[in-house]
Amino acid sequence: MTATYRRQQGSKVYTFKSLADLMAKATPERSGDALAGVCAQSAAERVVAQMALSELPLKTFLNEAVIPYESDDITRLIIDTHDLEAFKPIEHLTVGDFRNWLLSEEADGETLAKIRQGLTPEMVAAVSKIMRNQDLILVAKKCQVVTAFRNTIGLPSRLSTRLQPNHPTDSLNGIAATIFDGLMYGNGDAVIGINPATDNVPQAIKLMNLMDEVIQHYQIPTQSCVLTHVTNTIEAIEMGAPVDLVFQSIGGTQGTNDTFGIDLSILKEAHEAALSLNRGSVGNNVMYFETGQGTALSANAFHGVDQQTCEARAYAVAKQFDPLLVNTVVGFIGPEYLFDGKQIIRAGLEDHFCGKLLGLPMGCDICYTNHAYADQNDMDNLLTLLGVAECSFIMGIPGSDDIMLNYQTTSFHDALYARKVLGLKPAPEFEQWLMEMQIFESVQDVRLSEQISRLFSGAINQLNKGYSHG
């Protein structure tokens, strides 16, 4: 069923042809929606759409799908897994009432956890569109999502990092040097995760073996991941490779996932294969998903739905497989989708809020491409705001510059900054390891040791010799 929505403002009547149209017009300004031709044509139309959206009953989202049930497997997943019992406490609310309730003292972390299964991504996307940045931060901070594999991610007052040792030629020495560099700055508790320059099964296994060797030798309470296609990881598991986490980029429409070469059944197969290895020590969350606003539009599979709502729908896919980690790669596609620092910051806060409210361990790759109208100061702002909101994890890469993927993200030093100014600590098991390895003199004060850990010095000398002879 598709309804038409109207609202009179003064002498002018504004008409929105569908729920998807109303949602798109109510979205804070971003270049991707303009490119898609779905955005409001004026600031006045945007405000009117937001007012109309705020008066919409939450029940509407159970009766009208933004993408038809018959033609999209993610819509079917959302509707078929919705829990009416969990929805009951808020079923009488409008979108505007829902915002007010989320900001109230009544909606504490425990209460928000109880309604998770009663929310749909579209409900959560809708309420985010009428919230200020501070609202998104306040509510996200109240949502606690804890996951575990070899350590525990998402506890209060903790900030984890993905140590990202990418290398443009997949040099094992170069990757190993970056791993040690990151560990010595207290990075890597979320995952040591490599984007391979050469994406095939033998290369993935080679990188998996390298990371596993480092983790096992130094008894590091963390997990590794090669960010290769999910079918490559399934094949690697079948060949006996040391797979900790299974990675996949996902989108919020069936068409988007088709372009990624995946569907729900492939993800299910991968999830079951990774679980069968039983490699976790404190938990069994084995999946790692990445998302980002604009993927559905870039795949021409957005169905007239705005990019932020498509993004929230991707979280339904992630949620189905109990992931250890999910992150939005917020500014990676470029200014065609998020034009400048202001749009990137807003999108990062929206994604984090929507993911956490739906029950996901939400992190963020705080990043921008070099042709975007953004700079590192914008990323500092978003990093600080997400730290306040208790984002689960961020990226750590030498000097903020990904030399393989050619974009700017957050550095090992940035994680130290965020932990220091906001009083955040690494995952507890990793924190203990950092002290035992004498990498940190004090985790409480975020103070590094003056000397390189003696347990690392031998390996670093070997790497130096390898470079001098290379």
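Please read all numbers here as calculations on a predicted model, not as lab measurements.
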Exercise. With distance as the sole criterion, is a donor-acceptor pair present between the side chains of D80 and Y69 under 3.5 Å?
Worked result: yes
For this session: Could you grab the distance from atom CG of N285 to atom CE of M287, nearest 0.5 Å is fine?
Result: 11.0 Å
Exercise. Quick check: does any side chain N or O of S31 sit under 3.5 Å from a backbone N or O of P335, one acting as donor and the other as acceptor?
Worked result: yes
Exercise. Using a distance-only test with no angle check, is there a side-chain donor-acceptor pair under 3.5 angstrom linking Q8 and Y14?
Worked result: no
Exercise. Any side-chain donor-acceptor pair under 3.5 Å between T309 and D306?
Worked result: yes
Exercise. Salt-bridged, D414 to K420, with N to O below 4.0 Å?
Worked result: no
Problem set entry | Between T384 and N381, a side-chain donor and acceptor under 3.5 Å | no
Exercise. Counting N and O atoms only, with roles assigned by atom type, does the side chain of Q408 sit under 3.5 Å from a partner on the main chain of T369, one being a donor and the other an acceptor?
Worked result: no
Exercise. Between the side chain of R46 and the main-chain N/O of T27, is any donor-acceptor distance below 3.5 Å?
Worked result: yes
For this session: Using the six-membered ring wherever Trp is involved, compare the ring planes of Y185 and F412 and label them parallel, tilted or perpendicular (cut-offs 30° and 60°).
Result: parallel
For this session: Inspect the contact between K88 and E85 and indicate whether a charged nitrogen and a carboxylate oxygen are less than 4.0 angstrom apart.
Result: yes
Problem set entry | Flag for Q254-D263: side-chain donor and acceptor within less than 3.5 Å | no
For this session: Taking the six-membered ring for Trp and the single ring otherwise, decide whether the centroids of Y373 and F339 are under 6.0 Å apart.
Result: yes
Exercise. Would you call R116 and D83 a salt bridge, using N to O less than 4.0 angstrom?
Worked result: no
Problem set entry | Pair T198-Q203, side-chain donor/acceptor within less than 3.5 Å | no
Exercise. Got a donor-acceptor contact below 3.5 angstrom from the D378 side chain to the A374 backbone?
Worked result: no
Exercise. Is D72 salt-bridged to R76, going by a charged N under 4.0 Å from an acidic O?
Worked result: no
Exercise. Taking atom NZ of K425 and atom CZ of R158, what is their separation to the nearest 0.5 Å?
Worked result: 5.0 Å
